[in-house]
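In what follows, a single structure is set out as structure tokens and then discussed.
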Amino acid sequence: MCGQLWERDYMASLFNDTQDFIQQYRQGCESYYARSFEDLTDTQRLYVLSALIAKKAKALQADQDPQQKEVFYFSLEFLTGPLLDNYLLNFGIRDLVENGCKELGVDLDDLIKLEVDPGLGNGGLGRLAACFMDSCAALGIAGNGCGMRYHYGLFRQAIKDGRQVELMDNWLEHGFPWETRCIAESVIVQFGGQVVRHEENGRFWFTQEGGDLVRAVPYDVPLVGFGGKTVNNLRLWSAEPAEENFNLAAFNNGNYAEAMRFRSDVEAISQILYPNDSGEHGRLLRLKQEYLFVCAGLHSILRGFEKKHGCDWDKLSDFVAIHTNDTHPALCGPELMRILVDEKNVEFDCAFEIVRNTLSYTNHTVMPEALECWPISLFRSLLPRTYMFIEEIDRRFHDTFPRDKHNWHDLLSQTAMLWDGCVRMASVSVIFSHSVNGVSELHTQILKDTTLHGFYELYPDRFNNKTNGISHRRFLGNANPAYSALITKTIGNGWLSDASELAKLSVYENDPSFLEDFEAAKLNDKQRLARYIKEQTGVSLDPHMIFDVQVKRFHAYKRQLLNVLKIMDVYNRLLDGKGFTMHPTAFIFSGKAAQSYVFAKEVIRLINSVADVINNDERVNQIIKVAFVPNFAVSNAQLIYPAAEISEQISWAGSEASGTSNMKLMMNGAWTLGTYDGANIEIAKRVGDSNIKIFGLREQDVVNLRQPGAYWAWDMYNNDRIRLGRIIDQLTDGTLNRLSGGFESIRDELLTNNDHDLVLADFYAYVQAWEELTRSYTNRHVWNHGAVHNSACSGYFTSDRTIREYANDIWHISC
């Protein structure tokens with residue numbers, strides 16, 4: 001196995017040898033289940049093995065040097081993916097454990113496949129947070145995560161009659177062996193009630209009285225860094241009643257639901273990620289969720305600080321950095337002020353300075369729906385005292401606003417925290433932070449120019465860019481054993497700790513022997529994915545087809561619709577028999593649409609309807625296939641990324657903050673087919689124009705087309721009724737009706753609503769770019785050269801690099 005190729009001498013030795021491992025493993029079976037190894041199911045064996053490694057990891061969580069600065073990364077999502085294989089790699093013991101399992105008569109890979117994805121996130125935000133935590137530990141930074149322990153994941157996606165169906169994701173059904181419940185470190189969180197003013201001897205203070213008390217209980221998960229030298233902590237909070245409020249009278253009257261209502265209402269806070277907030281009850285629950293993990297996390301941090309440094313709060317930012325991942329943890333600022341002023345007796349102005357020096361904020365999107373706003377009435381009723389701090393800081397912000405600027409009214413309206421009856425969380429995040437960063441060069445520039453322009457005029461020194469990165473150890477080392485073994489055999493194993501060493505592959509870009517081995521590894525990965533897709537969907541893919549992949553959260557701006565319209569066009573042209581030819585291609589999609597996002601769910605239905613038509617058409621189904629992989633998660637992503645040959649990154653220019661699937665796919669040797677958007681721009685700079693395919697509108701083109709009267713989608717339709725018009729007609733003429741009906745709403749979005757996402761505007765450039773790229777596939781030397789070149793240039797996009805920049809520039813930690 002390739003595992004032995006990258007073991008390092010300095011890695012922690014958790015077991016003396018194989019026999020020691022077997023002995024401890026057997027003892028674990030007796031301890032957890034009071035049964036022998038042979039009497040357990042494979043799921044139980046996986047639990048014991050994971051618990052054994054978790055116990056070893058937690059034992060290595062030695063007390064940090066009290067002088068070491070700690071980072072606390074607040075995020076509502078942490079998509080860690082399955083942990084066992086990753087931690088065996090990081091500890092350098094995969095071969096030892098594999099050999100021990102073999103002696104016991106089981107296959108380690110079979111056990112690893114049984115591990116579920118922790119349901120702790122939705123998409124790129126959560127995968128990024130997990131990568132960042134991995135890199136902090138790998139770099140020896142005391143970087144700890146703070147999030148929510150959701151009892152159920154967002155949902156488990158199934159496809160029925162082409163439609164997305166949301167099923168319960170009970171990821172905790174068999175327990176989570178990596179976590180430790182820490183009831184002694186619980187925090188009482190207060191919702192609602194009234195603020196009471198007290199005064200004595202000229203001093204006044206406030207208390208919040210009444211309301212509901214909730215106990216936030218922490219569950220700790222170890223974060224093992226590569227080499228096993230650093231083990232950090234991911235603290236996940238769960239909501240429980242502070243006191244049991246059981247309605248005995250209701251129970252005795254047979255009203256059992258009412259008897260348990262208070263417990264049910266409290267536990268709902270941590271029941272599921274992102275409750276539907278289209279109604280008031282959902283909005284209230286989501287705000288409770290955001291406040292609970294912020295309030296509990298901050299109390300936990302301050303307890304630790306007091307234990308190490310006493311009550312010298314002026315030094316908080318010397319030893320603690322708190323980073324907020326998007327606006328979900330925006331309450332860190334006002335809540336930390338509340339705790340310092342009300343509970344730690346810090347003077348108001350000093351508290352504000354401490355908070356601002358301690359907090360930093362990453363913005364992840366320019367999409368309006370992600371820049372959270374809360375109605376003041378709802379916010380104030382739920383969090384009355386925290387609201388008072390926002391209100392007072394906002395008042396001071398108004399009073400001291402520089403009125404010497406000619407556009408000061410506009411700037412104030414852009415930046416105020418309280419405006420139009422709402423609490424604007426992006427403004428809260430900026431005002432309470434000393435640093436604001438975007439996640440790609442283009443995205444950061446857009447923040448400066450438009451989204452947060454008012455703040456940039458006021459505080460230009462706060463803004464900086466930190467281009468995203470990914471964990472190359474997980475998404476290449478773990479995910480792609482065939483290619484990883486080839487890399488290690490060729491350039492050594494140093495790339496696992498230093499991704500810049502992947503640049504050494506550039507020497508082999510024209511080496512026929514290496515390219516032949518690369519192609520063999522890619523074919524192995526494609527065969528592995530084809531087997532998985534057959535098992536999950538029934539669709540058979542020929543591994544010798546081009547694997548063209550678009551895997552990400554479904555959203556209009558990500559333009560999965562543009563991709564499927566291209567497929568419909570290719571299908572039509574093949575049937576027309578007018579000389580159009582193409583290399584056999586499998587188009588592979590995966591991703592979830594939010595439960596209430598009707599348009600995105602319709603695009604999923606369209607993809608599956610197109611797949612149904614094409615895959616069952618014997619005239620073309622040896623040339624073109626379409627597969628939708630249900631329930632996209634880290635685990636099946638680790639099958640998809642290695643097998644991909646074309647990476648579809650086709651959001652409209654200026655909409656995608658960064659993207660990280662583009663990095664994972666290029667690292668595994670895929671060519672990027674993309675717009676000039678997000679991190680695609682930086683990928684293009686590093687790989688060169690001949691090793692990427694960029695097409696379509698640029699950001700300024702999009703801005704120009706957004707002007708009134710500048711773009712009319714009907715013109716696109718009317719000017720080409722033979723090709724583009726035909727595709728649009730097929731949405732509603734019955735061509736795609738067999739599974740679940742037509743697609744009038746998508747046609748309306750394109751024509752009646754004037755194609756907001758400029759799908760039709762980029763259509764011809766996109767199809768032409770795809771044709772040009774796929775034509776080069778038959779020249780195997782050219783294609784494989786470009787694929788390896790992409791891998792060789794991918795080291796920059798490791799999250800290790802990103803975290804070094806955060807540490808040095810924002811958190812002020814030498815790294």
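Every value quoted in this text rests on a predicted model; they were computed, and no experiment measured them.
For Y387, the ring pair (Phe, Tyr, Trp, His ring centres under 6.0 Å) test picks out no residue, with sequence neighbours left out. Qualifying side chain to side chain contact (heavy atoms under 4.5 Å, CB included) partners for D314, counting only residues two or more places apart in sequence or in other chains: D312, I354. With sequence neighbours left out, the salt bridge (charged side-chain N to carboxylate O under 4.0 Å, His left out) criterion links D349 to R396. Looking at residues two or more places apart in sequence or on another chain, you find a ring pair (Phe, Tyr, Trp, His ring centres under 6.0 Å) between F463 and Y456. Legend: residues meeting side-chain hydrogen bond (donor to acceptor under 3.5 Å, both in side chains) with H398, ordered by chain and number and at least two apart, are D394. Residues satisfying the side-chain hydrogen bond (donor to acceptor under 3.5 Å, both in side chains) test with S135, not counting sequence neighbours, are S799, D800. Remark: Y291 engages V189, F191, C295, L331, E335, R338, L383, T386 in a side chain to side chain contact (heavy atoms under 4.5 Å, CB included) (not counting sequence neighbours). Residues that satisfy the ring pair (Phe, Tyr, Trp, His ring centres under 6.0 Å) test with Y361, not counting sequence neighbours, are absent from this structure. Considering only residues two or more places apart in sequence or on other chains, S317 meets the side chain to side chain contact (heavy atoms under 4.5 Å, CB included) condition with N357, T358.
Salt-bridge annotation for E602 and R605: present, with a side-chain N of the basic residue lying under 4.0 Å from a carboxylate O of the acidic one. Note on D318 versus K69: no salt bridge recorded, every NZ/NE/NH1/NH2 to OD/OE distance being 4.0 Å or above. With respect to E391 and R395, no salt bridge is recorded, no charged nitrogen being found less than 4.0 Å from a carboxylate O. Between E372 and R286 a salt bridge is recorded (basic side-chain N to carboxylate O distance below 4.0 Å). Note on K466 versus D809: salt bridge recorded, some NZ/NE/NH1/NH2 to OD/OE distance being below 4.0 Å.
Between H323 and W811, the ring planes are perpendicular. Angles over 60° get that label, and only those under 30° would be called parallel. Note: H756 and W652 have perpendicular aromatic rings, judged against thresholds of 30 and 60 degrees for the angle between ring planes. Using cut-offs of 30° and 60° for the angle between ring planes, the F599 and Y597 rings count as tilted. Between W205 and H198, the ring planes lie parallel to each other; the angle is under 30°, not in the 30° to 60° tilted range. Note on ring orientation: taking the six-membered ring where Trp is involved, the planes of F389 and F348 are parallel (angle under 30°, cut-offs 30° and 60°).
A 4.5 Å side-chain heavy-atom check between P334 and F432 finds at least one atom pair inside the cut-off. Side chains of R215 and I183 form a contact here, defined as non-hydrogen atoms less than 4.5 Å apart. L172 places a side-chain heavy atom less than 4.5 Å from the side chain of R149. Residues L79 and D117 have side chains not in contact (no heavy-atom distance under 4.5 Å, counting atoms from C-beta outward). Looking at heavy atoms from C-beta onward, H434 lies out of side-chain contact with L359 at the 4.5 angstrom threshold. When side chains are defined from C-beta on, D169 does not count as touching N631, because their heavy atoms never get closer than 4.5 Å. Inter-residue side-chain proximity for I188 and V214 is flagged as unmet; no heavy-atom pair is nearer than 4.5 Å. Here the side chains of S270 and Q289 are not in contact, with every heavy-atom distance at 4.5 Å or above.
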Side chain to side chain contact (heavy atoms under 4.5 Å, CB included) for N122 and E77? Distances and angles first, verdict last.
CA-CA 7 Å; N122 174 31; E77 298 187 37; 3.6 Å; yes
Let me see the working for H328 and S75 under side chain to side chain donor-acceptor pair (under 3.5 Å), right down to the final yes or no.
CA-CA 7 Å; H328 310 126; S75 177; over 6 Å; no
Given the rule in the side chain to side chain donor-acceptor pair (under 3.5 Å) test, do N437 and T362 qualify, once you have shown the distances and angles that lead to the verdict?
CA-CA 5 Å; N437 72 278; T362 295; 2.8 Å; yes
Between L76 and Y150, does a side chain to side chain contact (heavy atoms under 4.5 Å, CB included) hold up when you go through it step by step?
CA-CA 10 Å; L76 265 186; Y150 308 106; 3.2 Å; yes
Evaluate the criterion side chain to side chain donor-acceptor pair (under 3.5 Å) for residue pair N144 and Y73; output intermediate values, then yes/no.
CA-CA 6 Å; N144 305 287; Y73 194 83; over 6 Å; no
Would you sort out whether Y557 and E656 count as a side chain to side chain donor-acceptor pair (under 3.5 Å), showing the intermediate values?
CA-CA 8 Å; Y557 81 85; E656 183 73 84; 3.3 Å; yes
Is there a side chain to side chain contact (heavy atoms under 4.5 Å, CB included) between L458 and T415? Walk through the geometry before answering.
CA-CA 9 Å; L458 295 173; T415 55; 4.2 Å; yes
Would H443 and N363 count as a side chain to side chain contact (heavy atoms under 4.5 Å, CB included) here? Give the steps.
CA-CA 9 Å; H443 173 234; N363 174 287; 3.0 Å; yes
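To the nearest 0.5 angstrom, H151 atom NE2 is 9.5 Å from E173 atom CD. In this structure, the separation between CG on N233 and SG on C146 is 10.0 Å, given to the nearest 0.5 Å. Interatomic distance, SG of C373 versus CE of M425, reported as 9.0 Å (0.5 Å rounding). The distance from atom CZ of F379 to atom CG of L418, rounded to the nearest 0.5 Å, is 9.0 Å.
For the residue pair N468 / T660, no side-chain donor-acceptor distance below 3.5 Å is found, with atom types taken as modelled. D326 and T324 are not linked by any side-chain donor-acceptor pair at a separation below 3.5 angstrom, with hydrogens and angles left out of the test. Checking T444 against N464 by side-chain atom types alone, no donor-acceptor pair falls below 3.5 Å. Defined by atom type and a distance below 3.5 Å, a donor-acceptor pair is missing between the side-chain atoms of D220 and T180.
Minimum heavy-atom separation, E306 to C311: OE2-SG, 3.3 Å. Counting all heavy atoms, side chain and backbone alike, T80 lies closest to A130 at CA-CB, 3.7 Å. When all heavy atoms are compared, the tightest approach of V366 to S655 is CG2-O, 4.1 Å.
Taking the six-membered ring for Trp, W237 and Y219 have ring centres at least 6.0 Å apart.
Within the structure, salt bridge (charged side-chain N to carboxylate O under 4.0 Å, His left out) contacts touching residues 590-601 (residues at least two apart or in different chains) are E166-K601. Residue pairs satisfying the side chain to side chain donor-acceptor pair (under 3.5 Å) criterion with at least one member in residues 187-197, sequence neighbours excluded, are listed as follows: R197-E199. The salt bridge (charged side-chain N to carboxylate O under 4.0 Å, His left out) pairs that include a residue from residues 180-194 are R181-E240, E185-R235, where partners are two or more places apart or lie in different chains.
Within a 6.0 Å radius of NZ in K344, other residues, nucleotides and ligands contribute more than 12 heavy atoms.
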